Peer 1: 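Sharing a structure with you now.
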Amino acid sequence: MAESEYLTVAEALAAVLEGVSVLPAETVPLLEALNRVLAAPITAQDSLPPFANSSMDGYALRAADLAGATADQPVVLRVVADIAAGTVADVTVTGGTAARIMTGAPLPPGADAVIPVEDTNEPWRDAERPLPDTIAIKRAVQVGDYVRHPGEDIEAGATVLPAGHKLRPQEIGVLASLGVSQVPVIRRPRVGILATGDELIAVEEALLPGKIRNSNGYAQTAQVLAMGAVPVSLGIARDTEEDVRAKLQKGIDEQVDLLISSAGVSVGAYDVVKAVLEQEGNVGFWRVRMRPGKPLAYGTYQAIPYLGLPGNPVSAMVSFERFARAAILKMGGYTQLERPTVTAVVQETIHSDGRESYIRAVVTRTGEEYTAVTTGSQGSHIMTSLVKANALLIVPEGVKLVSSGDLLTAWMIDWPETVF
Ligand code: AMP
Ligand code: MG
């Protein structure tokens, strides 16, 4: 890669994604598969429902018996059985008879419909109440009414979920109902996170003159955790080549799938990360036409994909959001690599320097449209404007002035209706 190439955001993203691939599969217990990506298709071993059953508490009967039944002239049937959920009836429902049946209980042989208990003269669901000898029914039903048919949801042998499908709570429920207790999924990416700089002290430490706390290490760890990947802390590297090497080696030893560092990749005298990567890695140093977050290092370090984020906290987070997030998602097998976006009506004037700008803003839904208000200072060291934001408004490359009423794409880091 050429030194200090100038790239658009799209070019940088394409190059980053090019350098990572989907990780291998592993088999995990069902609940650990939540939010992960299926590595192989799931075929149903059973039908769902597995047997015909009642969708109501009521009486299983033959629909033909109820022809002409009304509240004034109910049809009376003899009750021959009581079928609770989980049991199987040993009777056959013949003409003139009915079986009391609970929701989910198997339909007895001979019955072809269910009448809800509310439409009988026995409107009690009390288990203590003795089974009546007869039941008076106040209306007719069609064959199949209140019966759930076997295979109505899933036919045995069908491919229920294809490989590549993301497993949400509803998929976990389906897998459970099919008896799938171990699930093949794409392995979760392990991401090594390194902070660099002589000015950094640990969060627990009291501030000293000239020092700041290592916020990036925590912010990037949280970003990795929030996407369901596995952070591996590589600590703080001092601005010496030996220390940077030692900390990166720790990541290699911990078998990370991606190395992420912050700071030390610009042109300062102490930017030793750059020096180490130039010697030991195959890393390019880019200037992305993006704001915040111009410097970005990308390539491999000892064959592991490497992403060097800028040091300023907002630049680091926004660069992670734009590049690292997509790379980690791709490695995890996901195909939707971008956040959801909406088109928002900007409520104020926004100036840009012509780089693709990510402006911290609050997007709200107002009737049919989304409106956007910026959250204050856009300095790359001002974290509170990111704290207030639920979106990043994207001012396209080449645009220097956005006026009130103009439309911008909003990259939603949270949805407008998400309130905490
Ligand atoms: P650099 O890229 O090393 O010039 O750092 C750019 C800015 O980011 C400087 O103001 C650093 O102090 C700040 N910075 C670097 N690393 C961190 C970190 N881990 N946490 C908070 N701020 C940082
Ligand atoms: Mg530095």
Side-chain angles (χ1 to χ4, degrees), residues 3-7 12 191-226 231-248 250-251 256 258-279 281 283-299 301 306-325 353 355 358 360 377-387 389:
E3 174 87 0
S4 293
E5 272 185 88
Y6 278 85
L7 300 179
V191 183
I193 295 162
L194 178 65
T196 70
D198 280 345
E199 72 277 36
L200 302 179
I201 59 171
V203 175
E204 306 76 33
E205 288 180 62
L207 282 180
L208 294 167
K211 305 292 185 187
I212 58 167
R213 296 194 181 95
N214 168 24
S215 68
N216 286 351
Y218 282 83
Q220 269 75 79
T221 299
Q223 285 181 301
V224 167
L225 279 174
V232 177
S233 174
L234 306 179
I236 299 170
R238 298 302 163 202
D239 287 329
T240 67
E241 295 188 15
E242 303 73 63
D243 203 23
V244 169
R245 266 198 203 95
K247 299 285 160 44
L248 291 178
K250 185 179 168 208
V256 298
L258 172 68
L259 282 163
I260 292 182
S261 65
S262 60
V265 290
S266 40
V267 292
Y270 297 96
D271 288 333
V272 296
V273 175
K274 187 171 173 183
V276 170
L277 294 176
E278 276 170 342
Q279 295 154 27
V283 175
F285 297 89
W286 302 337
R287 291 189 205 170
V288 182
R289 290 204 289 272
M290 174 182 182
R291 190 181 69 144
K294 181 162 67 175
L296 191 74
Y298 183 69
Y301 182 85
Y306 189 102
L307 191 57
L309 305 175
N312 276 305
V314 177
S315 309
M317 287 201 79
V318 172
S319 300
F320 182 107
E321 179 70 27
R322 202 66 188 85
F323 303 112
R325 190 170 182 279
D353 65 0
R355 284 181 279 166
Y358 289 76
R360 286 148 263 173
S377 171
Q378 299 288 320
S380 58
H381 59 301
I382 305 291
M383 281 294 282
T384 49
S385 53
L386 190 52
V387 165

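Everything numeric here is computed off the predicted structure, so don't read it as measured data. When a ligand or atom number is given, it counts from 1 through the structure's own listing order. One-based numbering along the sequence shown.
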Peer 1: Checking V276 against Y301 for the side-chain contact (heavy atoms from CB on, under 4.5 Å) test, could you report, in this order, the C-alpha distance in whole Å, the side-chain angles of both residues, the deciding distance, and whether it holds?
Peer 2: CA-CA 10 Å; V276 170; Y301 182 85; 4.2 Å; yes
Peer 1: Considering only the protein, which heavy-atom contact is closest to atom 14 (N) of ligand 1, and what is its distance?
Peer 2: G311 O, 3.3 Å
Peer 1: For atom 19 (N) of ligand 1, what is the nearest protein heavy atom, given as residue, atom name and distance?
Peer 2: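 Ranking protein heavy atoms by distance from atom 19 (N) of ligand 1, first comes N214 OD1, 2.9 Å.
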Peer 1: Answer whether the closest heavy-atom distance between the side chains of R245 and T240 falls below 4.5 Å.
Peer 2: no
Peer 1: Tell me which part of I236 gets within contact of ligand 1: side chain, backbone, both or neither, using heavy atoms under 4.0 Å.
Peer 2: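 Neither part.
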Peer 1: Any side-chain heavy atom of P231 sitting closer than 4.5 Å to one from V191?
Peer 2: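 The answer is no, as the side chains (C-beta and beyond) never meet within the 4.5 Å cut-off.
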Peer 1: Please write down residue, atom name and distance for the protein heavy atom closest to atom 17 (C) of ligand 1.
Peer 2: N216 ND2, 3.2 Å
Peer 1: Is the closest side-chain donor-acceptor distance between R291 and Q378 under 3.5 Å?
Peer 2: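 There is no such pair between these side chains.
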Peer 1: Check the pair S215, M383 against side-chain contact (heavy atoms from CB on, under 4.5 Å), reporting the backbone distance first and the verdict last.
Peer 2: CA-CA 10 Å; S215 68; M383 281 294 282; 5.8 Å; no
Peer 1: Identify, for atom 4 (O) of ligand 1, the protein heavy atom at the shortest distance, and state residue, atom and that distance.
Peer 2: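 Checking every protein heavy atom, the shortest distance to atom 4 (O) of ligand 1 gives S266 OG, 3.9 Å.
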Peer 1: Nearest to atom 10 (O) of ligand 1, what protein heavy atom do you find, and at what distance?
Peer 2: N312 OD1, 3.9 Å
Peer 1: Taking all atoms of both residues into account, what is the closest heavy-atom pair of V265 and F285, and its distance?
Peer 2: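 Shortest heavy-atom separation between V265 and F285 comes out as O-CD2, 4.3 Å.
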Peer 1: Run the contact test for S215 against ligand 1 with a 4.0 Å cut-off on heavy atoms, strictly below, and give the result.
Peer 2: yes
Peer 1: With a 4.5 Å heavy-atom cut-off, do R213 and E204 have their side chains touching?
Peer 2: no
Peer 1: Run the contact test for R213 against ligand 1 with a 4.0 Å cut-off on heavy atoms, strictly below, and give the result.
Peer 2: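 It does, in that a heavy atom of R213 comes within the 4.0 Å cut-off of ligand 1.
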Peer 1: Looking at non-hydrogen atoms alone, which of A263, S262, A195, G210 comes nearest to atom 15 (C) of ligand 1?
Peer 2: A263
Peer 1: Do the side chains of I236 and T196 get nearer than 4.5 Å, heavy atoms only?
Peer 2: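 No, every pair of side-chain atoms sits at 4.5 Å or beyond.
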Peer 1: Can you report which non-hydrogen protein atom sits closest to atom 9 (C) of ligand 1, along with the distance?
Peer 2: E199 OE2, 4.1 Å
Peer 1: Which residue holds the protein heavy atom closest to atom 22 (N) of ligand 1, what is that atom called, and what is the gap in Å?
Peer 2: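 Result: I212 CD1, 3.4 Å.
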Peer 1: Could you tell me, atom by atom, which parts of ligand 1 come under 4.0 Å of a heavy atom of T196?
Peer 2: 16 (N)
Peer 1: Taking only non-hydrogen atoms of G264, do any sit less than 4.0 angstrom from ligand 1?
Peer 2: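 Yes; G264 lies near enough to ligand 1 that a heavy-atom distance drops under 4.0 Å.
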Peer 1: Pairing donors with acceptors under 3.5 angstrom, does anything connect the side chains of R322 and Y358?
Peer 2: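 The criterion, which ignores hydrogens and geometry beyond distance, is satisfied for Y358 and R322.
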